[in-house]
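Heads up: the structure comes next, in structure tokens.
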Amino acid sequence: MSTSHSHRPTLKQNNKNFKSKHSSKGSLKAAAKGKIVSSSISTKGGKQLASATKKARLNANAQKRELKRRNVSEDVKFFSTSSGGGSVPRIITVIPLISNLLPRRFLLDLLPSLGLPPSELAEVISTVRSTGTYLIRAPRFKTTLQINVLPPLSVYAALDAALVSDYVVLLMSSTREVQLEGEAVLRCLQAQCGGVEIVPVVQAPEDEPITPQTRTGIHKSLLSFSRYFFPSAEKVHSADTPSESALLARALCEATPKTSRDEGRAYLVAEGSEGVKWVPGPDGVEGGEELGSLEVTGTIRGGCLSADRLGHIPGQGDFQILRGPPSSLALAAKPHQKAALMSIDESTPSLSSPGENADDLTATNVPDPLANEQTWPTEEEMEGAGPSRLGGEDGVRTKRVPKGTSAYQAAWIIGEDGGAGDDDDEDDDEDGEDMDEDDGLDGIDENAARFLGDGEETEEIELDSRRSEVHRDLDPEQEEREYAVYLKARARAAEEDQAFPDEIDTPRHIPARTRFQRFRGLKSFRTSPWDPYENLPEDYARIFQFESWGGTRKRVEREGREVGIKAGTRVTVVLKNVPKRVLENHNPALPFILHGLLQHEHKQSVIHFVVQRNTEYEEPVKAKDPLILCVGARRYTVRPVYSQHIRGGGRGVNNVHKSEKYLRPGQATVATCFGPITFGKAGVVLLKDEGEDQVPSLVAMGTPLPPDPTRIAAKRLILTGHPFKIHKKTATIRYMFFDRDDVDFFKPIELHTKLGKTGHITEALGTHGYFKAHFDGPIQGMDTVCMNLYKRQFPKWSEEFTPPAITEIVDRTGRPDEEEAGEGDGMDVEE
């Protein structure tokens, strides 16, 4: 039997590696194997030396360790000493997330762990309430704590206090979950103060203490909940037992907070209610308000505070700084606070008087109303003008109408004086839908012809413009049904805009050249020139504009870090021309905060923000809807317009950006409004006011962009037509216009189809708006012909927002019983 024979292969082919001095990115990444190699390392033959790579890596790591060690050393030194003597207080804010928690019991459990003498501890305990600001000495840790206990579920107070705090204590319950109201507070804190040091704390009811069997599960659940909003949270603390209270006190007094570094913008937190004093001024009453000087004593934090800059009090406005005398706060303090407050003598640092370059309170320019006037009416023309359209001061005017006409019908008759419909609404088409549907304009001419027919008897009737109709409230059931229909219509409009963006139907009762007279066509949206200074509204004459934003920003931020009294210095700041209502309206349960503004931050301009919509907010957000803008420590009521954001924050060739009708989720959008100029890093929060006694909803969050009045937000409208007859590249289009003159008016604008063809109008056909168009390729009968029109969008002027007085907000868990709360545990908050 024969078997097959095979030789062992002896020839093996080994291909040489490809020799090249230029390796690809993929090969370099594979060779590095995840190691970060500096590009400045010398190479030999196209390969990096292993010794040089290791040396550079060790050097970089050593520099990182040295920088971290230096920062930690500076932070420890900052809280241990200051130029004013003593230690800088650690600012701790306690925010209850449930209305039935007991912050007073939390403080009483924490105080014994600070090492206070028994006599001083008893006196401090007698002054502690459920809310308020307390300056407490911690001898065991050789530091001072300024604890701010806020009312539960107060969003604006939490944002103000957290912005200047070293630690934010989130007080939660071991038996009740945080409801929607508490989650809204957490979302707002996450949006504005993302880098703040968060300390979650759990509190158990006295009748249901945490047992060793349930402790692990409760802490694990609350830690997971806290990390959903603040991933940097390390562990959940408690103060119910002495051992847990000691651990919490050590974490608050010995650890170094991450927010203590120099940030460029100074701020000052008054040392309790005794740290704020209002003194009547020599001017007395001005403008119906009693003016005086306000003295605020505290330690400068953040950056350097200069007397040439302005001071901002949240919710009250901006004020100029005036040098004041040393405060006698330490002499008037209570015995248990004398050790905590640093002694003040005649050498206490105080701000110098403002210099020649000090900022004033000029926020806007004063435009000249006659700057663009070419003629001035003579006295004869002014005398012959007659009464106004409203009939003079009494608002009553006469009108000749057909006999038997009612006053309501007479108000709609178009007469020689213009009658109804003469009001020039500047934003008549700002929403893109105001005149898209039949709004009853077809009936005006018919009514006029019917009422003003020839040969009819007429009479004079008085029209009172001040007359109002009798209002009758609807039944609650009918009110709810109509409100549900309104919400459904808003949601349907948002869905239609997302499915067919910017597409509208040309109105038949109004000529298109009249309806869209403020729109223009562009050859290229990205490159076609557009003059940013043409047809500007009057508000643009009131704002300021920078010639070089980059250079100004660097200089202003450098001065904020270097010019003035340094951080850590305890001073008394005196503000001049402060109304007495500023101190009267301040809630004593909240900390009094003074922020130092940088140069030019009081002036108004066109500001922009890159915002991301909150995915948990489900209501449609339309352009120019009123929102509350929180940027840093300032808040304004704004009506922003939205536009697309170019990746990388570029301006493009012509600085034209497509506006958005709605703030859509899942994409970065630029919000534009009028507001104060802001330098540096500041969190931006857009809130929606939900009404009285309701927690505001977080709509969007983001970061500021450089102010730029020349940035154009162009609104786009798409007019659509249908191919009627097609012959290769030429087609007859209908239903885009309904008048021959409209076709001739829009003839120069380029056309395009949804399937990618471009073309132009060649000639008008007939009198009903048909026209012939030629395209760059054959079109199909199912295709849609489109024409893009653009108009610039302008925001509305913003107003300063004053937070409402704090009232009792009840969440779904309800209020605690009197037996559980105990004496003195109620809310001592002035409404």
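For the pair Cys786 and Thr720, the minimum side-chain heavy-atom distance is below 4.5 Å. In this structure, Val656 and Tyr790 have side chains that are not in contact, with every pair of non-hydrogen atoms separated by 4.5 Å or more. Within the 4.5 Å cutoff, the side chain of Thr637 has no heavy atoms near those of the Asp689 side chain. Put simply, the side chain of Thr710 reaches to within 4.5 Å of the side chain of Tyr533, judged on heavy atoms. Between Arg792 and Pro532 there is a side-chain heavy-atom pair separated by less than 4.5 Å. Contact annotation: the side chain of Phe679 approaches that of His600 to within less than 4.5 Å [non-hydrogen atoms, C-beta and beyond]. Contact check for Phe609 versus Cys673: side-chain heavy atoms found under the 4.5 Å cut-off. Annotation: side chain of Leu536 is in contact with side chain of Phe794 (closest heavy-atom distance under 4.5 Å).
Side-chain atoms of Asn614 come within 3.5 Å of backbone N or O of Leu698 as a donor-acceptor pair. In terms of modelled atom types and a separation under 3.5 Å, the side chain of Ser605 and the main chain of Phe544 share a donor-acceptor contact. Ser659 places a side-chain N or O within 3.5 Å of a backbone atom of Ala714 that can act as its donor or acceptor partner. In terms of modelled atom types and a separation under 3.5 Å, the side chain of Arg651 and the main chain of Arg711 share no donor-acceptor contact. A donor-acceptor pair is defined here as one N or O able to donate and one able to accept, closer than 3.5 Å; such a pair exists between the side chain of Asn654 and the backbone of Phe525. A donor-acceptor pair under 3.5 Å is absent between the side-chain atoms of Asp318 and the main chain of His602, judged by distance alone. Remark: the backbone N or O of Lys772 is paired with a side-chain donor or acceptor of Thr762 at under 3.5 angstrom. Not one N or O on the side chain of Asn788 forms a donor-acceptor pair closer than 3.5 Å with the backbone of Ile718. Formation of a donor-acceptor pair under 3.5 Å by the Arg639 side chain with backbone atoms of Lys624 is found in this model.
Remark: Glu618 CD is loosely packed, at most 12 non-hydrogen atoms of other residues, nucleotides or ligands lying under 6.0 Å away. Around the CD atom of Glu799, the shell of radius 6.0 Å holds no more than 12 heavy atoms that belong to other residues, nucleotides or ligands. Atom CG of Asp531 has more than 12 neighbouring heavy atoms from other residues, nucleotides or ligands inside a 6.0 Å radius. Counted within 6.0 Å of NE2 on His768, heavy atoms from surrounding residues, nucleotides or ligands total 12 or fewer; the atom is thus considered open.
Aromatic ring centroids of Phe737 and Phe745 lie 6.0 Å or more apart. Taking the ring centroids of Phe674 and Tyr540, they lie under the 6.0 Å cut-off.
From Ile749, atom CD1 reaches atom CZ of Arg520 across 11.0 Å, with rounding to the nearest 0.5 Å. In this structure, the separation between CZ on Arg526 and NZ on Lys658 is 9.5 Å, given to the nearest 0.5 Å. If you take CG on Leu719 and CD1 on Ile504, they are separated by 5.5 Å, rounding to the nearest 0.5 Å. Taking CZ from Arg553 and OG1 from Thr678, the interatomic distance works out to 13.0 Å, rounded to the nearest 0.5 Å. Between atom OG of residue Ser524 and atom CD of residue Glu750 there is a gap of 9.5 Å, rounded to the nearest 0.5 Å. The distance from atom CG of Asp539 to atom CH2 of Trp797, rounded to the nearest 0.5 Å, is 6.0 Å.
Nearest heavy atoms, Leu687 versus Val699: C-CG2, 4.1 Å. Contact between Pro676 and Arg634 at its shortest, heavy atoms only, is CB-NH1, 3.4 Å. Gly769 and Val743 get closest at one heavy-atom pair: O-CG2, 3.7 Å. Minimum interatomic distance between Glu690 and Val695 (heavy atoms only, all atoms of both residues): CG-O, 3.7 Å. Nearest heavy-atom pair, Ala512 versus Asp742, reported as atom, atom and distance to 0.1 Å: N-OD2, 3.0 Å. Contact detail for Ile779 and Ala731: the closest heavy-atom pair is CD1-CB, 3.5 Å.
Checked for salt-bridge contact, Asp744 and Lys747 miss the test: no charged N lies under 4.0 Å from a carboxylate O. The pair Arg613-Glu660 does not meet the salt-bridge criterion, since no charged nitrogen lies less than 4.0 angstrom from a carboxylate oxygen. In this structure, Asp625 does not pair ionically with Lys688, as no charged nitrogen and carboxylate oxygen lie closer than 4.0 Å.
Among residues two or more places apart in sequence or in another chain, the side chain to side chain donor-acceptor pair (under 3.5 Å) test is passed with His752 by none.
Here the rule is side-chain contact (heavy atoms from CB on, under 4.5 Å) with Val785, and of Met736, His722, Arg734 only Met736 fits it. Under the side-chain hydrogen bond (donor to acceptor under 3.5 Å, both in side chains) test applied with Asp502, the options Lys715, Arg716, Lys661 reduce to a single match, Arg716.
Between Gln604 and Thr364, the side chains place no donor N or O within less than 3.5 Å of an acceptor N or O (distance only, hydrogens not considered). With no hydrogens or angles considered, no side-chain donor-acceptor pair links His774 and Asp776 at under 3.5 Å.
Seen from the ring of Phe738, Arg508 counts as a face-on cation partner, given the 6.0 Å and 45° thresholds. Figure legend: Lys757 and Phe775 shown without cation-pi pairing, the cationic atom not lying both under 6.0 angstrom from the six-membered ring centre and within 45 degrees of its axis.
Ring geometry, Phe516 versus Phe746: the interplanar angle exceeds 60°, so the pair is classed perpendicular (tilted spans 30 to 60°).
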For this session: Any chance you could lay out the side chain to side chain contact (heavy atoms under 4.5 Å, CB included) test for Met787 and Ile761, step after step, and finish with the verdict?
Result: CA-CA 11 Å; Met787 175 183 290; Ile761 300 174; 4.0 Å; yes
Problem set entry | Stepwise side chain to side chain contact (heavy atoms under 4.5 Å, CB included) test for Glu763 and Leu765 | CA-CA 7 Å; Glu763 61 176 332; Leu765 303 176; 4.2 Å; yes
For this session: Could you walk me through whether Phe771 and Leu751 pass side chain to side chain contact (heavy atoms under 4.5 Å, CB included), step by step?
Result: CA-CA 12 Å; Phe771 62 89; Leu751 302 176; 4.0 Å; yes
Exercise. After noting the C-alpha distance and the side-chain angles of Arg513 and Asp741, does the key distance pass the side chain to side chain contact (heavy atoms under 4.5 Å, CB included) rule?
Worked result: CA-CA 8 Å; Arg513 59 187 181 279; Asp741 295 336; 3.3 Å; yes
